[in-house]
Each structure stands twice: as structure tokens, then as C-alpha cells.
Protein chains: 2
Amino acid sequence: MGKQQGNISTAVIRRLPKYHRYLKDLLDREVYRISSKELSVLTGFTASQIRQDLNNFGGFGQQGYGYNVEELYKEIRSIMGLTKTYNTVIVGYGNLGQAIANYTSFEKSGFSLKGLFDTNPEIIGNKVKDIYIHALDEMENFLKNNQIDIAIISTPKAYAQDIATRISKAGVPGIWNFAPVDLKVPEGVIVENVHLSDSLFILSYLISNQEDVE
Amino acid sequence: MGKQQGNISTAVIRRLPKYHRYLKDLLDREVYRISSKELSVLTGFTASQIRQDLNNFGGFGQQGYGYNVEELYKEIRSIMGLTKTYNTVIVGYGNLGQAIANYTSFEKSGFSLKGLFDTNPEIIGNKVKDIYIHALDEMENFLKNNQIDIAIISTPKAYAQDIATRISKAGVPGIWNFAPVDLKVPEGVIVENVHLSDSLFILSYLISNQEDVE
DNA sequence: ATAAGTTTGGTAAAATTTTAACAATTTACA
DNA sequence: TGTAAATTGTTAAAATTTTACCAAACTTAT
């Protein structure tokens, strides 16, 4: 069960996927027991931080022993909401939309692609892996009739805000946004951004100011 | 010039691209003057934080006036290393590699794609926008002969570490990594990650624990 | 069974990051 | 020209995040 108070800091939340990733690796390597000290070597976080992080959700470890990898993995998956299935759509079927649609690992993690939307008449009506490409006009109806949990926005910048507003109105709780804008959405709608150029620019900053580090 | 001490915190660095983005918008809208208070409304950062952030690099503002948008934009671009050109290659020309290669906005920002690499014999030798797809074997030679600054890794997980090691040995200073692993590289090589599934999992966490927020 | 070695969870301290406050300076306008 | 309003850069305070520490509890080996 765990405590799961609603005041987990974003710093902790951002580290959860990394724990998830390494625990999966350990399971695959048939390691069934791990201490915070060993996890520290793998993840680069301090052992103390790892214990603090995990304790936000419950006391999963045992003194003198450490953590049971399988149990902890399951707990983390549950905490992260990865035990459910999420219905998704992709809005904007350009290069990026196609790349995301073809990323099979998302399906494996429980993210089920239900629909694709675009404005290009040349591709509307086509099927991609059993999924139709619909006209953008049909989006609202589709969202309502298919219990969509996550809408993925991969349109050009100029359309993203309008689409986000429409998605929000249709009652979709989550948006995964790849457009390089900060979307304004009503309370209760959650936006997670993947700002590729921001990331690239951080890299260029770090390369340019590298002397500082050395 | 600015002070540009080498101890800028990553918290500050992560905010730089957002300043850059909004300053560009302002310029496009022909707004030539902005106060930290107004920037605060746009970015969602506090005015105080904005002044603190900018002051890490120099006193670009003027009391009673605010900041000159054009000047500040130029300064930020310079700080972020966006006044130079970076030669890049993409290693792994799958769906994601293709999406990145076709992202024209990177070219506009000074990131010049010089080569593509893959192991698939069916596509090796093909040209994409005047750029050849090379065999992976040729990578080291190419990197050395073409002054590559940034290698973009968009291979499957299993190959990423080996490729990162080879890239580092070839003297490339920056890696933009899309593979879902944490790469180990020698000192002096900078890795910036885009972990798509981590981002998606954060979204699923936030959706699943939404009640907490309300 | 006992003792020595591990390791957690919690508490306290340290470090970092954010916010608040304000003197100094400039702008804007009467 | 003079005065009120605006706004920065800087210093100090508050808040948050990370690290250090250690008693309690478990494991392992003898």
C-alpha cells in the first residue's frame, strides 16, 4: 500500500522512471536483492537519497537485507500508474508523429494507440498498424467515444494551443506535448512536455561552457 | 560580456531555453522592452527568479526601464552557444532518426547535419536531403574527417553504449542521446538525454495521482 | 546461540534554490 | 524642472532538497 501522501516533490517524481529502469534491468539479470548502496552505484544517486525517495511511498526495505527487487519493482510500477492501460491518440502525423506511433515499447508498457489525426487529405483514411488516420475535425467525437486518456500533440507549433484547448474540453486528462510551446490548459488537465529544441540548446550550452567544468 | 562564472546551477541552465523562446516570440511580435514582471507572466517563473537568473550572466537590465528585448535575446543566444554552428551526425536511422533528420528548425538554429549512419544494408548508400546514409563501420573515419561536434544516438538500446564509447574515442564533445539508457562516457564528453519513456511515465504518474493535486 | 557485519528508516544538519525586501536609479509625465 | 511610479541588482530570509548520521533490526557465519 504505502503512504503515498500527495506532496511528493517533482524532484522525486523525476527520479522514479530511473529507478523503474534499473529495477527492470536487475530483474532481467536475475538479481533479486539490492541495497541502496548498490543502487547508488547504478543510478548515480546517493544511497541516502534513494532511501529517502523510496520512503516517500512506504518502507519497502528491510534492515540488514536491503530491498527485494521484484517487490520494489512492482511497487514502483504501481506508484507510477503503470499497472493500468492508457488509451492514446496522436494528433499530427508528421515525421515525429510517425516515430512515436512506431515506438512499439509504449504498447508493451500499457499505452494503447487508438487513433491518429491529421489535416493532410492525402493521408486521411490510411491505416497504420490497424489504426486509422482521421481528419482533425473528427477528433472531438473520437475522444469522447473512445475513452482516451492521453493525447499526444506532435503538430506544428502554431496549431498546438488550439488543439490542446479542444482536447481539454473533450475531457482528456493528459497531454504529452512535443510542440515547442507551453500549453495553457484548464485545471485538472496534466501536460508533460518533450521540448526537443530546449534539450538540444542545453547541450549546446554545456558544450560551449565546458571549460568551466574542467 | 557578462560574468559567466563557471558555477551556474543546472536549475538555471534548464530555464535558459525558455527565456530564449519567449524573447524570440517578443521580438517577432515587435515588443522591444520587457520587465521581469511581464516576463514572469509569460514564463510562469517569479520576477525575482528571472532577475536572479539573468544576473548570473551579467546585468542586462536597467532600473526603471527593464530589459531591452533584442539585446537580452542576443545575450542569451551567446550564453547558450547558439551563435556558432555545430556539425552533427545521426547514428541509427530508424523512425526516430528520420524524424530528427527532417526537423528543419534545427538547421535554422545552426545545427548542421553532416552524416547519417545505420547498419541496414537496404538503406546504406541512400541519400536524404543531400546527406548520405553511411555504414556504421565508417563512423570513426567520418567523425574525424568532418569535425563533428554533436552525435545524435537514436539506435536501439542494446547498441547505444558501444556507439557512445566509439563516438567519445573519436573526440566528439557532445552526445544527444535518445536511447533509453544512461551512457557512460569519459570526462569531457557531454551527454544530454531525451528519455521519451521516462517522460511518458512521469505523465502516467501525474495522471494516476491527480487527486493529490486537486 | 552468539557475535560481527549489514542495512534500513528516520531525524538532524548542510547545501542549494527560491522568494522577499529594498536602496539606487531611471522613466514618465505634469 | 520636479515628483511619482517603475524596475533593477543585490542582500537577506525562507523554503526545499540533499546529505550525514545513527539506533534498531535483520542477516550471516561461526
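Side chains included, hydrogens not; waters and symmetry mates left out as well; all remaining heavy atoms used. Just so it is clear, the structure is predicted and the values come from calculations on it, not from any experiment. Chain letters run A, B, ... following the sequence lines, proteins first, then strands; residues in each count from 1.
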Quiz item: How would you list, by chain and number, every residue that makes a ring-ring contact (aromatic ring centres under 6.0 Å, His included) with A:Phe106, sequence neighbours excluded?
Solution: A:Tyr103, A:Trp176

Quiz prompt | C:dT8 OP1/OP2 closer than 4.0 Å to side-chain N/O of A:Ser36 | solution = yes

Quiz item: Can you list, by residue number, the residues of residues 10-21 of chain B that have a non-hydrogen atom closer than 4.0 angstrom to DNA chain D?
Solution: none

Quiz item: Quick one: side-chain contact (heavy atoms from CB on, under 4.5 Å) partners of A:Phe142, sequence neighbours excluded?
Solution: A:Val89, A:Lys114, A:Phe117, A:His134, A:Asn146, A:Ile148

Practice problem: To the nearest Å, give me how far apart CD1 (A:Ile8) and C1' (D:dT17) are. | Solution: 14 Å

Quiz prompt | Short side-chain N/O contact from B:Asn55 to OP1 or OP2 of D:dT10, under 4.0 Å | solution = yes

Practice problem: Measure the distance from CD on A:Glu38 to C1' on C:dT7 and round it to the nearest whole Å. | Solution: 11 Å

Quiz prompt | B:Ser35: partners by side-chain contact (heavy atoms from CB on, under 4.5 Å), with sequence neighbours left out | solution = B:Lys37, B:Glu38

Self-check item: Stepwise salt bridge (charged side-chain N to carboxylate O under 4.0 Å, His left out) check, B:Asp28 with B:Lys24
Solution: CA-CA 6 Å; B:Asp28 287 348; B:Lys24 178 67 166 55; 3.1 Å; yes

Quiz item: Does B:Ile150 offer a backbone N or O that forms a donor-acceptor pair with the side chain of B:Thr88 under 3.5 Å?
Solution: no

Quiz item: Rounded to whole angstroms, how far apart are CG on B:Asn68 and C1' on C:dT26?
Solution: 15 Å

Exercise. To the nearest Å, give me how far apart CD1 (B:Ile34) and P (D:dT8) are.
Key: 10 Å

Atom pairs, N/O to N/O, protein against nucleotides 27-29 of chain D, distance under 3.5 Å?
unit_1: D:dT28; atom_1: OP1; unit_2: A:Arg33; atom_2: NH1; d: 2.9

Quiz item: Would you find a donor on one side and an acceptor on the other, under 3.5 Å apart, between the side chain of A:Asp149 and the backbone of A:Asn87?
Solution: yes

Quiz item: Given side chains that start at C-beta, do those of A:Tyr159 and A:Leu136 come closer than 4.5 Å, heavy atoms only?
Solution: no

Exercise. Answer yes or no: is there an ion pair linking A:Arg21 with B:Asp182, defined by an N-O contact shorter than 4.0 Å?
Key: yes

Practice problem: Give me the residues of residues 43-54 of chain B where at least one heavy atom lies under 4.0 Å from an atom of DNA chain C, by number, or none. | Solution: B:Thr46, B:Ser48, B:Gln49, B:Arg51, B:Gln52

Exercise. Calculate the interatomic distance between B:Phe57 atom CZ and D:dG9 atom C1'; express it in whole Å.
Key: 16 Å

Quiz item: Mind checking whether A:Phe111 and B:Phe201 have parallel, tilted or perpendicular rings, split at 30° and 60°?
Solution: parallel

Practice problem: Can you measure from CG (A:Leu203) to OG (A:Ser197) and round to the nearest 0.5 angstrom? | Solution: 12.5 Å

Quiz item: Passes side chain to side chain donor-acceptor pair (under 3.5 Å), B:Thr165 versus B:Gln161? Steps please.
Solution: CA-CA 6 Å; B:Thr165 304; B:Gln161 178 59 65; 3.1 Å; yes

Exercise. Nearest whole angstrom, please: distance from the P of C:dA20 to the NZ of B:Lys37.
Key: 14 Å

